[in-house]
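Since this is a predicted model, take the numbers as computed values, not measurements. Naming: A, B, ... by sequence-line order, numbering from 1 per chain.
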Number of protein chains: 2
Amino acid sequence: MKAEKVSELTTNRLSVYLRCLNLLAEAGVKTISSQALADQFNLNSAQIRKDLAYFGEFGVRGVGYDVDELRRHLTKILGLDRPHRVGIIGAGNLGTALANYTGFAASNFTVVALFDNDPQKIGQRIGQNQIPVYDVRDLAKVVREKGIDVAVIAVPARVAQRVLNQVMAAGIKAVLNFAPVRLHARLGVKVKTVDLTISLESLSYFLARPQVTCITNPRSILPYEEIAQREERELAKE
Amino acid sequence: MKAEKVSELTTNRLSVYLRCLNLLAEAGVKTISSQALADQFNLNSAQIRKDLAYFGEFGVRGVGYDVDELRRHLTKILGLDRPHRVGIIGAGNLGTALANYTGFAASNFTVVALFDNDPQKIGQRIGQNQIPVYDVRDLAKVVREKGIDVAVIAVPARVAQRVLNQVMAAGIKAVLNFAPVRLHARLGVKVKTVDLTISLESLSYFLARPQVTCITNPRSILPYEEIAQREERELAKE
DNA sequence: CGCTGTGAATGAATTCACAGCG
DNA sequence: CGCTGTGAATTCATTCACAGCG
């Protein structure tokens, strides 16, 4: 496990592979080759092998990969074997929706606090998990007390950089940002931005083109009929 | 405007440029060079020029770009001059949060309908805009009646492909997907996935590294002190 | 002169193709 | 034999550097 200069594109794909392996494990598959994995999930087998090879030699020549073993390896590599505690800054629509979002748990993330500057909201508890809302001025203190190591920024774009500065001052090293701005982070702090504006405008651009058969991913086209049929069969099963 | 084989990375950046220009216009700036734009927003001037050049010659040599004119051009290129009507499938936490999300409006998107299969929810109206919730079985009909041209998928991963198939059958060509799955779309249908799981796991990976100074974007590091100072000045102003 | 627009050069990511192991 | 792991080839994206225009 040398982990020197692994591209983020590679690590993002590791998440995808892990997800696929989880589906396979659920389906009772014990062993899979990179080729079979690629076929089944529209990936590229050489890329799978290369991505995995950055972190070790997990396969058996002539056989493939042990599904459970590879799952364990990827879980470890992605750090999903250790729990993370999340604080969400901004208890508006998005912030509260994220506080209720159940998808965090599968990756071993727990939302433990919300922060806001609205006196109406501070002191309340939100959602079925009754997550408390704190004053954003107490950020550093609550971060320390609750052992928060990941921040989610769900505030308006105008104030996002200011909030990030506070978050960094509180010693947090990993941030998920939903505000549509380019934030400037200090070295050693990772900010991942989910920019809905760009996503939407990208769709708008596509719709504005007079059908130039704008192809994002060539692989996602050819086998459609086949996929549709597989889909039909699955539906029929239930 | 030849728009042949423009990469999605390029069109995504057009959104960023437009956002920057809007800030400049607000600040009363009339004209800007690619160099000044790059300096101010941590971009690359050659890339700005190249990206724009795919769509025309908007600049004046020796001067730069007219801010308002370039804004109009980008708005047109991105199709933001025409309104889009959005239907959200899945009236759970995420779906309702998105229905209330005000950020859509700036890009000329309006949410006009929610869809669900829960009888409890069907027939209700949600949020301050009182957006109605329809039976997902009436998708095609409502899409036709309301002129919906963009779908948002906010349902569990398990059923996302099935929902996409229905969405495609209803004739929708642009889809924003929040379910953490790789969806298979027919040719001519654009699916943009916002995968929170991958984003989170990417943060987890970063935290798991024993500080190898994992650098995503080298530009975002060097000028931090300078940026922090600028930030201080702005805060002082208010 | 100062800028844009753009070929040419570099760099990064993906895919090919095969040696070599189980 | 069938697979992995990996150099080599290719494709794609970014950056450089400058001719040429206003």
**Prompt:** When the distance from CD of A:Gln47 to P of D:dG7 is rounded to whole Å, what number comes out?
**Reply:** 17 Å
**Asked** Does any non-hydrogen side-chain atom of A:Val60 lie less than 4.5 Å from one of A:Tyr65?
**Response** no
**Stems involving DNA chain C, each a run of at least 3 consecutive Watson-Crick or G-U pairs under 3.5 Å** = C:1-22 with D:1-22
**Complete:** From the candidates C:dC3, C:dA8, C:dG20, the one with an atom nearest any side-chain atom of B:Arg61 is C:dC3
**Asked** Any side-chain N or O of B:Asn44 under 4.0 Å from OP1/OP2 of D:dT14?
**Response** no
**Prompt:** Does A:Arg13 have a side-chain nitrogen or oxygen under 4.0 Å from the phosphate oxygens OP1 or OP2 of C:dA13?
**Reply:** no
**Asked** Which whole-number value in Å describes the distance from A:Tyr54 OH to D:dG7 P?
**Response** 11 Å
**Prompt:** Does A:Tyr17 have A:Arg13 sitting over its ring (NZ/CZ under 6.0 Å from centre, angle to axis within 45°)?
**Reply:** no
**Asked** For D:dG5, does OP1 or OP2 lie under 4.0 Å from any side-chain N or O of A:Tyr65?
**Response** yes
**Asked** For A:Ile48 and C:dT15, what is the distance between atoms CD1 and P respectively, to the nearest whole Å?
**Response** 11 Å
**Prompt:** Out of C:dT15, D:dG5, C:dG5, which nucleotide sits closest to the side chain of B:Glu57?
**Reply:** C:dG5
**Prompt:** How far does CD of B:Glu57 sit from CG of B:Leu52, to the nearest 0.5 angstrom?
**Reply:** 11.5 Å
**Request:** Starting at atom CG of A:Asp51, determine the distance to atom C1' of C:dT14, rounded to an integer number of angstrom.
**Result:** 10 Å
**Message:** Expressed as a whole number of angstroms, how long is the span from B:Leu37:CG to C:dT4:P?
**Reply:** 10 Å
**Complete:** Judged by nearest nucleotide, the residue sitting upstream toward the 5' end of DNA chain C, A:Leu9 or A:Ala46, is A:Leu9
**Prompt:** Can you name the one residue among A:His84, A:Lys173, A:Arg82 that meets side chain to side chain donor-acceptor pair (under 3.5 Å) with A:Asp149?
**Reply:** A:His84
**Asked** Expressed in angstrom and rounded to an integer, what is the separation of B:Leu52 atom CG from C:dC3 atom P?
**Response** 16 Å
**Complete:** Here the distance between atom P of C:dA19 and atom CZ of A:Arg49, to the nearest Å, is 15 Å
**Asked** Which whole-number value in Å describes the distance from B:Ile32 CD1 to C:dT4 C1'?
**Response** 15 Å
**Prompt:** Nearest 0.5 Å, what's the CG-OG1 distance between B:Asn177 and B:Thr193?
**Reply:** 4.0 Å
**Request:** Give a yes or no on whether a donor-acceptor pair under 3.5 Å exists between the nucleobase atoms of C:dT6, that is its base, and the side chain of B:Lys50.
**Result:** no
**Message:** Please tell me whether A:Arg182 and B:Asn42 have a donor and an acceptor in their side chains that are separated by less than 3.5 angstrom.
**Reply:** no
**Prompt:** What distance do A:Lys192 atom NZ and A:Leu176 atom CG have between them, rounded to the nearest 0.5 Å?
**Reply:** 9.0 Å
**Request:** Remember a base hit wins even if backbone is also touched, and classify A:Ser34 as base, sugar-phosphate or nothing at under 4.0 Å, heavy atoms.
**Result:** sugar-phosphate
**Message:** Given C:dT4, C:dA13, C:dT14, identify the nucleotide with an atom nearest to the side chain of A:Ser7.
**Reply:** C:dA13
